[in-house]
Structures are given as structure tokens and as C-alpha cells.
Number of protein chains: 2
Amino acid sequence: MDNQDIRKAGLKVTLPRIKILELLENNTQRHVSAEDVYKMLLDKGEEIGLATIYRVLTQFETAGLVTRHNFEGGHAVFELDRGGHHDHMVCMVCGKVEEFIDTTIEKRQREIAKEHGFEMVDHSLIIYGHCGNPKCKVGY
Amino acid sequence: MDNQDIRKAGLKVTLPRIKILELLENNTQRHVSAEDVYKMLLDKGEEIGLATIYRVLTQFETAGLVTRHNFEGGHAVFELDRGGHHDHMVCMVCGKVEEFIDTTIEKRQREIAKEHGFEMVDHSLIIYGHCGNPKCKVGY
DNA sequence: ACTTGCAATGAAAAAGATTCTCATCATCAT
DNA sequence: ATGATGATGAGAATCTTTTTCATTGCAAGT
Ligand SMILES: [Mn+2]
Ligand SMILES: [Mn+2]
Ligand SMILES: [Zn+2]
Ligand SMILES: [Zn+2]
């Protein structure tokens with residue numbers, strides 16, 4: 001994942017794009033909002049306008065470099081497209097996100113779409129619950 | 001689904017609440033946004049403030065009368081809780097929504113959550129694609 | 001039916017997320 | 001190096017949803 005990926009997407013290789021891509025690549029939190037990216041870059045001394053963050057993230061999404069998720073909470077989160085597709089599990093208390101992939105579910109989805117005359121293009125499976133952290137369990 | 005359901009939720013039986021519940025019950029389109037509800041009621045001559053629509057829908061959700069979905073598009077959609085849980089398939093062209101339920105997927109989700117130490121509270125599975133309508137197929 | 005407390009409503013303002021506008025600036029093919 | 005074109009930043013605008021607050025209406029008790 002480097003500047004060539006930006007170029008291959010038909011986009012000019014600019015400092016904002018390089019910095020945003022680097023952050024998505026190196027940040028410990030894989031799933032970040034546009035606001036998150038903005039603030040994290042600010043913390044690193046990179047003053048990139050929020051409008052640019054939104055623009056670039058959308059361009060990266062179109063280029064297939066980044067995936068956008070509509071978790072609960074009223075704002076989108078983005079993640080760098082590494083390996084391949086996967087689904088998510090979100091802790092309703094601490095916000096922790098775990099990733100998983102299940103071939104049984106993936107297969108059934110394709111079958112179900114077909115049964116309904118749909119051509120599946122994409123899908124979103126999110127499990128909401130309480131993660132393993134004791135503080136996130138009910139009654140804590 | 002009647003006024004008693006509103007009362008049982010600990011809410012006063014008011015005209016806005018009755019009208020919103022009636023609309024959710026009788027409307028052909030099961031999945032509607034707050035704005036949709038607002039406009040549809042206006043068309044019927046019921047002038048209920050948009051803020052009230054949002055408030056009441058959220059209250060109905062809390063009471064378990066209504067479910068909120070975060071489909072793509074930047075706004076939430078609501079549906080009356082009839083039978084039980086089900087998942088959704090959304091046409092990316094015409095917006096048509098089909099409902100389905102699959103026990104294999106439901107079971108695997110519970111297993112996967114457990115494998116990751118999560119207590120599953122809820123989940124959201126949405127298949128995006130092109131519906132059976134020829135006009136919604138690629139290359140039309 | 002009459003009172004009355006407290007919840008509910010409408011209108012407008014506010015808030016939060018995202019997009020758009022436009023003047024200025026940077027990239028890159030030539 | 002130059003110039004065409006795309007990219008950026010700042011702020012305005014838009015869209016969705018929530019909040020505020022003065023007014024109204026339900027419903028419990030008389
Ligand atoms: Mn992920
Ligand atoms: Mn449904
Ligand atoms: Zn947690
Ligand atoms: Zn369609």
C-alpha cells in the first residue's frame with residue numbers, strides 16, 4: 001500500500017492523500033471516522049482540512065482502497081482494505097470492534113440473494129453485543 | 001397493535017402517537033424514514049411536527065414497538081415490529097427492500113459471537129444488490 | 001364534569017455529520 | 001520550467017437528528 005496505489009486510482013499523489021493512507025495503514029485502531037482521522041493527523045502536526053479528509057476517504061473508497069461502514073452512532077467509519085472481505089462484531093459498551101469471516105454465512109447469503117432474484121453486490125453483517133471485558137458485561 | 005400498546009409502553013395516548021402507529025401499521029412501504037412518516041401524514045392532513053415524529057419513533061423503538069435500521073443513505077429507517085426478527089436485502093437501484101430469515105445464519109452468528117467472547121445482543125445483516133426488476137440490472 | 005400535575009407537542013434553534021463553493025495552490029505531463 | 005488541470009482549505013451550505021422552551025392536552029383524582 002503506497003503512493004503507486006494512489007496513482008493507480010487516477011489520483012494525484014498529494015501530501016494529504018499520502019498522510020491519510022499512512023495513518024490508515026499504521027494506526028492501531030483499524031476502524032476510524034473522518035473526524036478521528038482529522039484529529040489523529042492534527043496530533044501528528046499534519047493540518048489537513050476536514051473537507052479534504054472526507055473527500056479523500058470517499059475517493060479511496062471508490063478506488064477500492066478503503067471500505068466504509070455504517071455502524072450505529074450516526075457517523076461512518078472507514079478502514080483500509082487489507083486482505084479481503086470480513087464482517088464485524090461491535091461492543092455496545094466500549095466500542096471494541098472484532099473482525100471475522102465465516103464461509104457458511106457467506107455461502108448462505110449468496111444462496112438467499114439468488115432465491116429472491118437479487119444479484120448480491122455487497123453485504124454488511126454486524127453483530128452488536130458485550131465484549132469479553134468484564135466492565136462491558138451487564139450489571140457491572 | 002393499538003392504543004393499549006402505547007399505554008403499556010408507559011406513554012400517554014396522544015393523537016400524534018396514534019397517527020404514527022396507524023401509519024406504520026397500514027402503509028404499504030414497511031420501511032420508512034422519519035421524513036417519510038412526516039410527509040405521508042401531511043398528505044393525509046395530519047400536521048405533526050417533525051421533531052415529534054423523531055421523538056415518538058425513538059420512544060416506540062425503546063418500547064420495542066418499532067425497529068430502527070441503519071441502511072446506507074445517511075438516514076435511519078423504521079419499521080413496525082410485527083412477527084419477529086428478520087434481515088434485509090436492499091436494491092441499490094430502486095431501493096426495494098425484501099425481508100428474509102435464515103436459521104443457519106442465525107445459529108452461526110450466535111456461535112461466532114460466543115467464540116469471540118461476545119454476548120450477542122442484536123445484529124444487522126443487510127444484503128445489497130440488484131433486485132429482480134430488469135431496470136435494476138447492470139447495463140440497462 | 002372540573003381541576004391540576006406532569007407529560008407531550010410544535011416551532012425554532014442547535015448540534016452533528018457530510019458536502020459544496022470558490023479562490024488559491026500543487027502536481028505532473030509536456 | 002511551464003501550464004493545464006486537479007487538489008486543497010476555509011467557510012458556507014445541506015441534511016439529519018436532537019434540544020429548548022413556551023404552550024397544550026392527557027389522565028388521575030375530586
Ligand atoms: Mn474491518
Ligand atoms: Mn424489515
Ligand atoms: Zn467492550
Ligand atoms: Zn430494484
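Below, chains carry the letters A, B, ... as their sequence lines are ordered, and counting in each starts from 1. The figures that follow rest on heavy atoms only: side chains count, while hydrogens, waters and symmetry mates do not.
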Roughly how many Å is it from CG in B:Asn3 to P in D:dA27, rounded to a whole number? 9 Å
Could you tell me how far apart B:Tyr38 (OH) and C:dG10 (C1') are, to the nearest whole angstrom? 10 Å
Can you tell me how the ring of A:His88 sits relative to the ring of A:His86, calling it parallel under 30°, perpendicular over 60° and tilted otherwise? perpendicular
A:Ser124 and A:Asp122, any side-chain heavy atoms less than 4.5 Å apart: no
Could you check which of D:dT17, D:dT8, C:dG10 has an atom nearest any side-chain atom of A:Thr14? D:dT8
note: A:Ile6, atom CD1; C:dC28, atom C1'; distance rounded to Å ~ 15 Å
For A:Lys137, I'd like to know if atom NZ has over 12 heavy atoms of other residues, nucleotides or ligands within 6.0 Å. yes
Does the D:dT20 base have a donor-acceptor partner in the side chain of B:Arg55 within less than 3.5 Å? yes
Across the strands shown, which category fits B:Glu47 at heavy-atom distances under 4.0 angstrom: base, sugar-phosphate, nothing? sugar-phosphate
Most 5' of B:Ala51 and B:Gly73 on DNA chain D, judged by nearest nucleotide: B:Gly73
Which residue, B:Ala76 or B:Arg7, contacts DNA chain D at a nucleotide closer to its 5' end, judged by nearest heavy atom? B:Ala76
Which whole-number value in Å describes the distance from B:Ile48 CD1 to D:dG25 P? 14 Å
Rounded to whole angstroms, how far apart are CG on A:Leu41 and P on D:dT8? 13 Å
Does the side chain to side chain donor-acceptor pair (under 3.5 Å) test come out yes or no for A:Thr52 and A:Arg17, once each step is laid out? CA-CA 9 Å; A:Thr52 298; A:Arg17 287 183 180 140; over 6 Å; no
OP1 or OP2 of C:dT9 sitting under 4.0 Å from any side-chain N/O of B:Arg17? yes
Could you let me know what C:dT30 is paired to, Watson-Crick or G-U wobble, both distances under 3.5 Å, or none if it's on its own? D:dA1
Which nucleotide in C:dA8, D:dT16, C:dC20 has an atom nearest any side-chain atom of B:Tyr54: D:dT16
Could you give the CD-to-P distance, from A:Glu46 to D:dG9, as a whole number of Å? 11 Å
Can you tell me the distance, in whole Å, between the CG atom of B:Leu50 and the P atom of C:dA13? 15 Å
Tell me whether the centres of the aromatic rings in B:His116 and B:Phe118 are closer together than 6.0 Å. no
Considering only heavy side-chain atoms of A:His75, the closest of C:dG10, C:dT18, C:dC28 is C:dT18
Which of C:dT9, C:dC28, C:dA8 is nearest the side chain of B:Lys12? It is C:dA8
Rounded distance in Å - CD1 (B:Ile18) to C1' (C:dT9): 14 Å
